[in-house]
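All of these numbers come straight from a predicted model, not from anything done at the bench.
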Amino acid sequence: MMVLSNEELKELGLNLSEQDNLYLESALEWLKENTTLDFEITKIESIKALPSGAKLFLVKYCEISKRDITISSESVSGTLSQSFFDKDVNKSIESYARQMLRKYLKPTITFYPCFKRWR
């Protein structure tokens, strides 16, 4: 498991705290599985070489993962009012990925042949 120190996080140029290590590692694994970007999760120089859109995605991934996904806002002025997120975390992550990593994303379309129909 990769845990980056404060110095290494600063070296990456990302505005993340040391507590964000697991979120960052999860974001890097997401990039590895869902994009064509070629990098090594365990080598900081490889991560530093990622394009700026990928680095911004890492920051957004950490922000989305940390927030409470149930309540978006609350107000008390005579009556209690609450607003809830209608998007789940995965949809938000996919939205940011399409926005920032469009040319690097792997296709998500799967084709299933229908062999029985043609027999």
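From Leu31, atom CG reaches atom OG1 of Thr36 across 10.5 Å, with rounding to the nearest 0.5 Å. Atom-to-atom distance recorded for Glu33:CD and Lys106:NZ is 8.0 Å, nearest 0.5 angstrom. One finds the CD atom of Glu25 at 7.0 Å from the CD1 atom of Ile41 (value rounded to the nearest 0.5 Å). Rounding to the nearest 0.5 angstrom, the gap separating the CZ atom in Arg102 from the OG1 atom in Thr35 is 14.5 Å. Note that OH of Tyr61 is 10.5 Å distant from CG of Leu24, once rounded to the nearest 0.5 Å.
Cluster annotation: Leu101 and Tyr23 are assigned to distinct hydrophobic clusters (Ile/Leu/Val/Met/Phe/Trp/Tyr, side-chain heavy-atom contacts under 4.5 Å, transitive). Both Phe57 and Leu50 are assigned to one and the same hydrophobic cluster, defined by single-linkage of ILVMFWY side chains at heavy-atom distances under 4.5 Å.
Closest heavy-atom contact between Gly53 and Met100: O-CB, 3.7 Å. The shortest non-hydrogen separation linking Ile64 to Ser92 is CD1-CB, 3.8 Å.
Within the 4.5 Å cutoff, the side chain of Leu37 has heavy atoms near those of the Pro51 side chain. In this structure, the side chains of Leu12 and Leu58 stay at 4.5 Å or more apart for every pair of heavy atoms. Two residues are said to be in side-chain contact when any heavy atoms from C-beta on lie closer than 4.5 Å; Lys66 and Asp20 meet this criterion.
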- Could you walk me through whether Glu63 and Lys60 pass the salt bridge (Lys or Arg N to Asp or Glu O under 4.0 Å) check? CA-CA 5 Å; Glu63 288 175 4; Lys60 290 297 184 184; 3.4 Å; yes
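Between the side chain of Lys55 and the main chain of Lys48, a donor-acceptor pair closer than 3.5 Å is present. Between the side chain of Lys32 and the main chain of Phe39, a donor-acceptor pair closer than 3.5 Å is present.
No more than 12 heavy-atom neighbours from other residues, nucleotides or ligands sit within 6.0 angstrom of NZ on Lys103.
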